[in-house]
Structures are given as C-alpha cells and as structure tokens.
Amino acid sequence: MKTKYIIVVILLITLLGGFLRFYKMTENPPSLTGDEISFGYSAYSILKTGSDEKGRFLPLVLESIGDYKNPLPAYLMILPIKLFGLNEFSVRLQNVLIGTLMIPVLYLFIKDIFKDRRLAITGAFLLSISAWHIYFSRFAYEPLIASFFIMLGVWCSMKMWDGGKKWAFLMAFFLMLTMYTAFAPRLFIPLFVIGYLLLYLYKKGVKKQSISMVTTFVLSSILLGLPLVYVSLFAGATTRLGMVFLSKDIEFTRYVIFHDLQSFTEVPFLILFWLKRYLNYLQPEFLFTNGLNMTLPGTFGLGLLYVYELPFLILGIIYFLRTKIPYKPIFILWVLIGIIPDSLTNNQQHAGRLLHIVPVVILLVSFGLLKCIDWVKSLPKMPLKIAVTSLYTFFIFVTLIQAFLVFAVHFPRHRGESFDEGLKEAALYVRDNQDQYQEVVFDIRRGIDGPYLIAIPHMYLLFYSQYDPHTYQVEPKIIGSDRPLLHFNKYTFRNVDWTQDRTKKNTLFISSPWGIPDKDIPEGWLLKKVYLSNGLAAFNIVAPKD
Amino acid sequence: MLKEFWKKDNKLLGLIFVLKFIILAFVIESAYPAHVLSENLLFSEFFGKSMHLGVLSYYFFDFLNIYLLWLISKQIDKRYSLLAPVIYCICPWFSYLTVFGSFYIYLVSVFLVVALGLILITKGKIKVGNSLFFIGSVIAIYSSIFSILILPVLVFSVIFLKKIKFSQIKVALICLVIAFLPIFFLMVNNRAGLQNILHNEITVFSNPGILNTVNEFRGSSQDNGFQNLAKIGENKYVYSFKYLGIKFLKQLTPSTFFTSQEKLFDYSFVPPFYLSLVVPFFIGLYYLLYDKTMLKLLGLSFVLVVPSWLSLNMVSLQRLVLFSPVILFVICFGFIKLWEQKKSQKIKVTLLVVVSLTIFQLLFSFYDMSGFEFERYTRIHHESFSLDIE
C-alpha cells in the first residue's frame with residue numbers, strides 16, 4: 001500500500017477513534033467524579049493564584065480529602081481551563097485528546113517494532129474502537145495519561161540500545177513522567193525497569209555501550225525522580241499505599257484470616273490471596289462481560305475486550321508464543337508486571353489500573369485477527385468464505401450494538417450515582433439561590449438506599465460557582481475534628497439530622513431522600529428534587545419555613 | 001494387572017496410599033462435622049443404614065482413582081507412572097470431595113476405567129481394553145445422564161483422530177448399544193422421570209438473572225428510543241449465548257483450578273490444585289501447542305466440563321472434578337518436559353522451586369485446615385449450620 005493511502009487510513013481511523021471519544025463527552029459519563037472536580041478546581045486555583053486550593057505553591061502532590069493525588073493531570077488541565085473556562089469540557093479534554101492521540105502513536109509504535117504495516121493498522125483500528133480505551137478516555141482519569149507515557153517510554157527503551165543516549169534519556173523522561181501522573185506506575189515502573197534491564201543484560205551480555213546506556217538512564221531517572229522521593233517521604237504521598245494495600249481487603253480480613261494481618265505466620269495467606277487475585281485477571285467475566293464496571297454487578301456490561309475478540313485473543317496468544325517476535329520477553333514482562341500494581345490493591349480488579357497494558361493486549365488481538373483473516377482467505381470455496389465472514393460480521397455487529405446501548409443507555413442509569421450525579425445540579429441551585437439564605441447546609445453522605453457514599457460537595461460548589469481560589473485559600477474555615485464538618489463563608493458540609501435541623505430558619509438544606517425523608521417535609525418546604533439518570537431521587541433541597 | 005501391583009515401584013504406590021490416608025484423616029478431623037452433607041444424611045435415613053457406610057465407599061473410589069491413574073500413567077510412560085498418583089494424592093480437591101461424600105468422585109473412577117480401556121485398546125490389548133471400556137461405559141450411563149453425552153463424544157473423537165480403529169472397538173460398541181437399550185426404553189416410556197432428571201441435573205437455565213437483565217435492559221433502551229437496536233442486541237438469545245460462552249470459559253480458567261476463587265463447598269480457602277503446580281501446567285500447555293494431535297485431544301476433553309457448565313452456579317467444583325484428570329495429566333506433561341531438560345541450570349532451579357513450593361503449600365494447607373477452615377465454614381454457613389452430631 002502506498003504511503004499516502006496509509007496516512008489517509010490512519011487519519012480516518014484516528015478520526016473514528018476521536019469521534020467515539022469526543023462525542024457527548026461532557027454528558028457521558030453523566031457527571032464529573034469527585035476526582036475530576038478536585039483536579040479541575042486545583043488546576044483553576046493554580047492558574048489563578050499559582051497555588052492549589054490548600055495554598056501550596058506549584059504543588060508536587062495534591063492533597064484531597066483523606067487522600068493525595070498526583071499533580072500532572074491538574075497541570076495538564078491548566079491550558080484547557082485557560083482557553084475554555086472551568087467546565088466539564090476543559091476537565092475532560094486532556095484525556096480525550098491523549099486517548100485519541102494514542103491511536104496513531106500505537107500505529108507508529110507497532111510499525112516501528114514489527115515492520116508490519118498491516119499489523120500496525122489493525123492495532124490502531126482495534127484501539128480506536130476498544131470499549132476499554134474509549135471508556136477511560138472520556139473522563140479525566142490519570143492512569144490513561146500514564147499509559148500513554150508508558151507506551152512511549154517502553155518504545156524508547158526498545159530504541160535505546162541501537163539509537164543512542166537520547167533514547168535512554170527519553171525513556172527515563174517518559175517513565176518518570178508516569179510516576180507523577182498516576183499511582184499504579186510507581187510500582188510498575190521500578191519493577192518493569194529492573195526486570196527489563198536484567199533481562200537485556202542477561203541476554204546480550206554486559207557491554208561497554210550497554211553500561212553507558214544504563215548509566216544515562218539511571219542518572220536521568222534519579223534526576224527526574226528526586227522530587228518524587230521528596231514527595232513520597234515528606235509530603236504524605238505514601239498515605240494512599242496504606243489505604244489501598246491488599247492486606248486491608250474485606251474478603252481477606254473477614255473470610256480468610258478473620259482479622260487484620262497480625263503475625264508472620266499469616267503472611268503466606270496474604271501471598272496466596274494475592275496470587276489468587278493475580279490469576280483472576282484471566283477471568284472471562286472480567287475480560288469480556290463486566291470488567292469495565294459500567295453496569296451493575298451480575299448484569300451484562302462491557303469487558304476489557306468485546307466478546308467477538310475472544311478467538312482473536314486466543315489465536316494471538318498462541319501465535320505470539322509460537323513465533324519469533326522482536327522483544328518478545330519485554331512484551332511478556334510488560335503484561336506480567338503490569339498486572340501487579342492493581343492486584344496488590346484491596347479492591348476487585350480494576351480495568352482502569354490496567355490501562356498501561358492496553359498496547360500489548362491490542363497487539364495480541366491484532367495478531368489473532370490477522371491470523372483469522374489469513375485462515376478465512378485460505379478457505380477453499382468462496383461460498384464458505386462468504387458464509388464464515390457474514391456470520392462473524394453479524395456477531396460483531398450485534399456485539400457492537402450492545403456495546404453502544406451500554407454506553408448510551410445503561411451506563412448512565414446504572415452508574416450515575418458512582419459518578420456523583422446530582423451534585424452538579426444541587427451545586428448550581430445553591431449558586432443561583434444562596435443569596436436568599438443565611439446558611440447553606442450540604443449533607444456529605446449520599447446513596448440511594450442509605451448513607452454508603454461520602455461525597456465532596458464543597459468541591460462541586462467551588463467548581464460550579466467558580467469560587468475565587470484566593471478567597472478560598474485565605475478565608476477562615478472550621479474543620480471538624482471528631483465528626484465530619486467543613487464550614488466556610490455561608491456553607492456548611494456535615495451530616496444532616498433532620499429531627500433537629502428542621503427548626504433552623506433561613507437555611508437551605510441539601511440531603512439525600514433518606515436524610516430528609518419526603519414524609520417529614522411539610523408542604524411548601526421542598527424547593528427542588530434532584531434526580532439521577534435512572535429516575536431515582538438523589539437529593540432533596542429544602543428550606544424550613546415558619 | 002493385579003500382579004503388577006506388587007512389583008518394584010509398587011512400594012512407592014503403597015506409600016502414596018498411606019499418605020492419602022493421612023491426608024483424608026486430616027481433612028475429616030478439620031472439617032468435622034461440616035463434611036456431613038445433607039444429601040448423605042437423607043440417603044442414610046432413606047436406606048436405614050449408617051451414613052458412614054456410604055461415606056466409606058467414597059474412600060474406596062478415591063483410592064481406586066489413584067490406582068487407575070497409576071495404571072493409565074504406566075500405559076503412557078512407565079518412567080513417570082507415579083507422578084499423576086502423587087499429585088492426585090496431595091491435592092485437596094479430591095480429598096475434600098471424598099470426605100464430603102461427593103458422588104462425582106465415584107464418577108471420576110468410572111470415567112478413568114473408560115479411559116484406561118481406550119488406552120489399552122490403542123496399545124493393542126484389545127480384549128482387556130474392550131472389557132474395561134464396556135464395563136466403565138455401562139456403569140457411567142446408568143450412573144449419570146451426562147455420560148450419554150460425554151461418552152459418544154469421547155469415543156467418536158478417538159476414532160476420528162485415528163487413535164483407535166472402529167474395528168478394534170466394534171464389539172464393545174455393539175454390546176454397549178444393547179446395554180443402553182433398557183435405559184433408552186425407560187427414558188422413552190417415562191418422560192416425566194426423564195424430565196425430572198434433566199431438570200435436576202441441568203440447572204443452568206434456572207437462573208432468572210438473564211431474563212431479568214434482558215427485560216430491564218430492553219425496557220431502558222426502549223425508553224431512550226432505541227427499541228429497534230435493543231431487539232437486535234438485547235434479546236434473550238444473545239444474552240443466553242453470551243452467558244453460556246462465558247460460563248464455559250469460566251470452567252477452563254486457571255484460577256478456577258489453582259486458587260480458591262471457586263470455593264470448595266462454598267467456604268474453603270484451600271485451592272483444588274496447589275498454586276505452585278500452575279507452573280508445570282502452563283509449561284505442559286505450552287508444549288501441547290506444538291503437538292496437533294494432543295491439542296485436538298485436549299480440545300475434545302473439554303466435553304468433560306459440560307456437567308459443571310450446565311450447573312446453576314458459574315462453576316461447580318464437584319462436577320468439574322470430572323475434568324480434573326485432564327488438568328492432572330497436563331501438569332504431569334509439564335513436569336516431564338521440565339525433567340527432560342533438567343541439565344539446564346534454569347530448569348533445575350525451576351523444578352526445585354516448584355517442588356519446594358508444592359511441599360510448602362501441602363504443609364501450609366494442613367496448618368490452614370486445622371486452624372481456619374472450620375471457622376470459615378461457620379462464618380459462611382452460620383445461618384444454616386444447625387447440625388448437632390454427637
């Protein structure tokens with residue numbers, strides 16, 4: 001195929017991928033998550049004042065409620081916020097752009113490594129329509145950005161041995177950049193790099209040139225990683241590790257050892273439990289039906305791959321194992337180590353924290369797809385070829401329809417609450433009507449059936465009212481020590497106790513329907529009901545009257 | 001064949017029996033009285049005999065399985081004939097099923113007899129092979145409805161793969177057809193009985209979840225104006241196909257066999273096979289990729305997961321034990337491949353690590369069983385646990 005045609009094809013594939021990522025990106029996912037809001041307002045605050053909302057000048061770690069966040073996503077948001085203002089579009093733009101950009105970059109990566117344009121085009125196309133990649137490209141999710149840098153870093157690592165020191169530096173640059181972007185790479189990168197270098201030196205032997213490359217890489221990494229060491233040791237960024245480590249897993253503490261990990265003799269239980277988690281990534285439900293968690297558990301949502309990709313994946317793995325492929329051990333290492341960070345956390349498997357292995361998975365599926373196409377071509381009779389192709393195309397068509405319906409219909413209905421749906425509407429109501437009240441009280445607990453979610457409504461209020469960051473940084477705040485409480489200006493964020501709070505006049509209350517039950521709201525007090533996409537009520541906005 | 005039992009390496013087999021006896025005793029001790037399954041109590045009540053009489057028969061079949069695996073292994077490769085029995089002996093899956101009195105331990109014995117018969121035929125021992133094949137098949141057909149599906153597939157596949165000529169098995173097949181006639185007429189004449197059996201055994205469609213999902217999803221899609229797309233993409237056929245496909249894959253997932261992902265008797269943390277054995281398993285699988293016939297045989301053996309596939313739960317470890325000999329032989333194949341390359345330092349270390357970890361896990365599972373397993377049982381079944389056995 002001529003180069004200009006290939007450019008057109010790649011452009012079309014990228015446009016398709018871009019469309020699938022851009023289209024209605026501000027409405028689906030249905031609401032900005034707490035993380036997106038935090039990143040957005042931090043970026044806004046840095047843009048306006050040079051400091052985050054806590055007043056830290058150009059922070060290397062962003063302190064959130066009981067959590068710490070990586071700084072790079074917020075810094076990347078600054079430019080879109082400057083250009084388009086503080087809104088959903090600006091917050092999500094970086095992910096959508098990087099998600100789209102990954103398509104042609106993956107093409108170039110595969111083409112460069114395998115010298116096979118057909119494989120590269122297939123890979124780019126599969127990535128462009130991958131539900132896994134589309135989903136995480138449509139909202140501000142930092143592991144997606146990290147996965148882009150990881151791909152670039154690994155690519156540079158493959159070029160490094162023949163290409164010179166600039167590749168060693170670039171490898172260090174991209175890989176270290178990922179560690180400022182998301183938490184999973186902080187474990188993945190060191191393990192991968194150590195494994196990679198040992199593997200290479202073991203295979204090729206220790207030579208003068210390789211020593212020089214490794215030295216350049218290590219020195220660059222140390223230089224670029226120094227701030228990270230500081231942040232990890234002194235700025236509380238290790239808090240998250242303690243919060244999410246596997247030993248705190250509910251299943252482990254409740255059903256395996258019946259208490260928190262206490263003695264050395266219980267460590268083998270933890271190791272076995274971890275290995276179980278690790279192997280669970282091969283579970284078919286996770287891979288093909290509900291790995292993306294876009295619908296409720298037990299229903300048919302979307303997995304990391306479409307069901308029709310199953311035979312391609314199996315064939316691809318077989319082909320990969322049986323054929324001589326450049327950098328085969330590196331790809332194996334990439335996947336095997338890539339699973340480790342997520343497997344060590346105390347949640348169920350999370351497709352988002354596996355995004356850095358997307359290129360390898362797509363590569364395997366591409367191998368399988370091309371093998372299948374070759375097989376169909378080799379069939380002896382044309383009617384047979386047509387029959388097989390038509391049947392499978394129909395299967396693909398049905399699967400894609402289902403995927404579309406999951407994205408367009410079921411995901412907002414099933415997961416609206418997880419995306420903190422309703423808080424925007426409530427925050428906007430407060431912004432527009434606050435002048436009529438002396439105090440605004442926002443319940444921090446939420447959940448349709450009960451108080452099982454803790455939200456950060458103050459961040460939504462700051463975000464949607466575009467609250468002046470400087471004012472927020474310097475104004476006095478009351479923060480509860482023994483119970484959840486935050487008060488600034490006229491806003492109070494705490495648990496609402498309606499039996500007592502109902503007597504407070506000139507106050508606007510926002511709480512879930514179980515916090516302020518409908519039956520306990522006298523006529524005329526209910527100002528607005530905020531609903532989720534599934535039609536269930538998320539909030540009652542109430543003002544007590546005389 | 002019985003004479004062979006007492007020959008040279010049979011002392012080692014005797015040791016394996018002793019080890020199995022110790023492991024069984026340990027499992028009984030740790031699980032008591034959780035292992036008293038309600039259905040065994042029911043049978044005991046029904047027949048008016050001691051429950052232990054029935055349970056003892058499972059011990060017999062468990063030991064018989066070891067012996068049959070040894071005989072089969074001998075036919076495949078004499079040098080490694082003790083490998084499969086050792087792995088069978090130490091792995092908790094079989095011990096648990098035996099102690100809990102699972103019917104499928106008995107069915108494993110029957111299928112192993114059938115397999116031994118077929119292997120003997122391929123080795124030219126036509127008479128003994130045919131006899132064992134016939135006896136095993138008849139018992140299987142009269143024991144489980146699934147055998148009526150599994151056996152023909154197995155037989156036709158070995159003929160199709162040219163492992164056995166039709167002429168070699170002709171007599172046994174004719175006898176089998178004749179032996180099948182009574183149950184066939186019984187099924188034809190007693191439709192209600194057959195339906196009852198099918199209803200009890202094939203419970204995969206008893207799950208109302210699929211239909212509920214279809215209804216809920218279609219309703220939502222229609223509300224959003226996508227009724228035509230919903231008709232194509234969200235109907236019960238598409239979802240059932242998807243569900244069955246995923247459920248089938250689930251039967252073959254490594255974590256099902258090597259971790260406690262699917263809990264034995266819904267509570268245990270002990271895996272069916274020790275996790276360290278996943279290494280020889282993958283190595284065995286890798287080498288199988290290069291042998292087209294073996295790969296085809298492996299593919300055809302998937303028919304053994306059908307009983308578990310058609311159960312209500314995503315995976316039924318009781319039913320899936322029918323497939324366990326296949327996993328066992330893949331592990332053995334991996335071990336043999338490793339052993340054949342033992343001159344390499346890397347392989348030596350791998351072998352050593354795998355064996356050490358397996359021994360460690362065996363010992364650790366003793367610790368786990370004695371200290372934690374019963375507590376897990378009571379935690380998970382605390383509401384239904386009301387047995388009071390003196």
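Hydrogens, waters and symmetry mates are skipped; everything else that's a heavy atom, side chains included, is used. Per chain, numbering begins at 1; letters A, B, ... match sequence-line order.
In this pair, A/F300 and B/Y239 present their aromatic rings tilted. The plane angle is within the 30 to 60° band. Taking the six-membered ring where tryptophan is involved, the planes of A/F269 and B/F269 are tilted, since the angle between them lies from 30° to 60°.
Pairs of residues two or more places apart, or lying in two chains, that qualify as side-chain hydrogen bond (donor to acceptor under 3.5 Å, both in side chains) and include a residue from residues 290-303 of chain B are B/Y286-B/Y290.
Interface summary for chain A: among B/F360, B/F217, B/F226, the most heavy-atom pairs under 4.5 angstrom belong to B/F217. Looking only at heavy-atom pairs under 4.5 Å with chain A, the residue among B/I246, B/L252, B/N224 that has the most is B/I246.
By the side-chain contact (heavy atoms from CB on, under 4.5 Å) test, B/D266 is found to be paired with B/H381, residues two or more places apart in sequence or in another chain being considered.
Contact annotation: the side chain of B/K242 never approaches that of A/T399 to less than 4.5 Å [non-hydrogen atoms, C-beta and beyond]. No side-chain heavy atom of A/T295 sits under 4.5 Å from any side-chain heavy atom of B/T213. For the pair A/L310 and B/L249, the minimum side-chain heavy-atom distance is below 4.5 Å. Counting only heavy atoms from C-beta outward, the side chains of B/S255 and A/L282 never approach each other to under 4.5 Å. Using a 4.5 Å cut-off on side-chain heavy atoms (C-beta onward), A/H410 and B/S221 make contact. Contact check for B/F364 versus A/L272: side-chain heavy atoms found under the 4.5 Å cut-off. With contacts defined as side-chain heavy-atom distances shorter than 4.5 Å, the pair B/R376/A/V256 qualifies.
In this structure, the side chain of B/R379 does not engage the main chain of A/Y255 through any donor-acceptor pair within 3.5 Å. A side-chain donor-acceptor contact under 3.5 Å links A/R322 to the backbone of B/L289.
For chain B, no part of A/Y278 is nearby; none of its heavy atoms comes within less than 4.5 Å.
For the side-chain contact (heavy atoms from CB on, under 4.5 Å) with B/E234, the lone residue among A/L405, A/V398, A/I401 that qualifies is A/L405.
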